[in-house]
Amino acid sequence: MTTQRQTLPDFLSTCRWAQSVSAEELQRVAGEIVEKKVPNGGYVCRRGEDVTSWIGVVDGLVKMSNLSPEGKLTTLTGVPSGGWFGEGSLLKDEPRRYDILALRDSRIVCMPRATFNRLLNTNIGFNRFLLVQLNERLGMFIALMENERLLEPDARVARSLGALFNPVLYPGIGRQIQISQEEIGFLAGVSRQRVNQALQVLEKAGLLRVEYGGVTVVDLSSLQTFGA
DNA sequence: TCATTAAATTGTT
DNA sequence: AACAATTTAATGA
């Protein structure tokens, strides 16, 4: 495992929203952010909780999921390293609507609501970032619906994986991601067996490499448009 | 460091 | 869903 210990300032410098924040302000923000480690399978936050912060993934992978009253688990989306989420719940001032689970040991940072609001009230660049982020996510969910309705399993797997490498939402993510085929199945809405089959097809097509417990993307744009 | 074992993940039916 | 094979992680000599 390449467990590189990235410092908080290092991480923040890779975040797009930080580009529009002055050095002094960023330092102040860094001091207000709380770091925490969440073990594989642990909760980053739970449905129904008060939303007290905006959440960033320094290293790791988390998923938003929802447990229905009948006990059916649905995975909505995954957030890899470099991603921030929860701005929707902060802006709406409502309890968190989904469980966030770590898919592997993850380093998480929490920006307190007060800090988030200060940036919102004082920094136009930050507001513009949020617009772009919300717009990008909206596009992602629309594409997701399209995928589920129109595409065959190979393409669903390809595009679900491709979405994890969205450069706008998750900048700085490499080409490799650690995720089990079972979890890819949850994200793509197909069985683990079918994921295995699809990954082999995609590997033969030269779009990615299959590894134990993860994949490395070789041709991202082809992956994101597979089946078009 | 090496060997053994358990746990996780993959590949196939 | 079940099973065997493979890879990794953990343990202790």
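Because only heavy atoms are used, hydrogens play no part in the values below, and waters and symmetry mates are left out as well, while side chains stay in. By convention in this document, chain letters (A, B, ...) are assigned in the order of the sequence lines, proteins followed by strands, and residues within each chain are numbered from 1.
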Mind listing the N/O atom pairs, protein and nucleotides 2-4 of chain C, below 3.5 Å?
| from | atom 1 | to | atom 2 | distance (Å) |
| --- | --- | --- | --- | --- |
| C/dA2 | N6 | A/Arg192 | NH2 | 3.4 |

Could you go through nucleotides 5-7 of chain C and list every protein N or O atom that sits under 3.5 Å from one of its N or O atoms, giving the distance for each pair?
| from | atom 1 | to | atom 2 | distance (Å) |
| --- | --- | --- | --- | --- |
| C/dT7 | O2 | A/Tyr212 | OH | 3.1 |

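Residues in residues 94-123 of chain A take part in these ring-ring contact (aromatic ring centres under 6.0 Å, His included) pairs, two or more places apart or across chains: A/Trp54-A/Phe116, A/Phe116-A/Phe126.
Across the interface with DNA chain B, nearest-nucleotide mapping of A/Leu103 and A/Gln200 shows A/Leu103 to be the residue nearer the 5′ end.
For A/Thr75, the side chain to side chain contact (heavy atoms under 4.5 Å, CB included) criterion is met by A/Lys63, A/Ser65, A/Phe186, A/Leu187, not counting sequence neighbours. In terms of the salt bridge (Lys or Arg N to Asp or Glu O under 4.0 Å) criterion, A/Arg128 has no residue partners (sequence neighbours excluded). Residues satisfying the side chain to side chain donor-acceptor pair (under 3.5 Å) criterion with A/Gln19, sequence neighbours excluded, are absent altogether. Judged as a side chain to side chain donor-acceptor pair (under 3.5 Å), and not counting sequence neighbours, A/Trp17 has no contacts. Scored by the side chain to side chain donor-acceptor pair (under 3.5 Å) test, A/Gln197 finds no partners at all (sequence neighbours excluded). Looking at residues two or more places apart in sequence or on another chain, you find a side chain to side chain contact (heavy atoms under 4.5 Å, CB included) between A/Asp105 and A/Pro39, A/Asn40. Residues passing the side chain to side chain contact (heavy atoms under 4.5 Å, CB included) test with A/Arg113 are A/Val51, A/Leu90, A/Asp93, A/Asn117, sequence neighbours excluded.
Reading DNA chain B from its 5' end, the first and the last nucleotide to sit under 4.0 Å from a heavy atom of chain A are B/dA8 to B/dT13.
No hydrogens or angles considered: nothing links the side chains of A/Gln178 and A/Glu211 as a donor-acceptor pair under 3.5 Å.
Connectivity analysis of hydrophobic side chains (ILVMFWY, heavy atoms under 4.5 Å, direct or indirect) links A/Tyr43 to A/Leu101.
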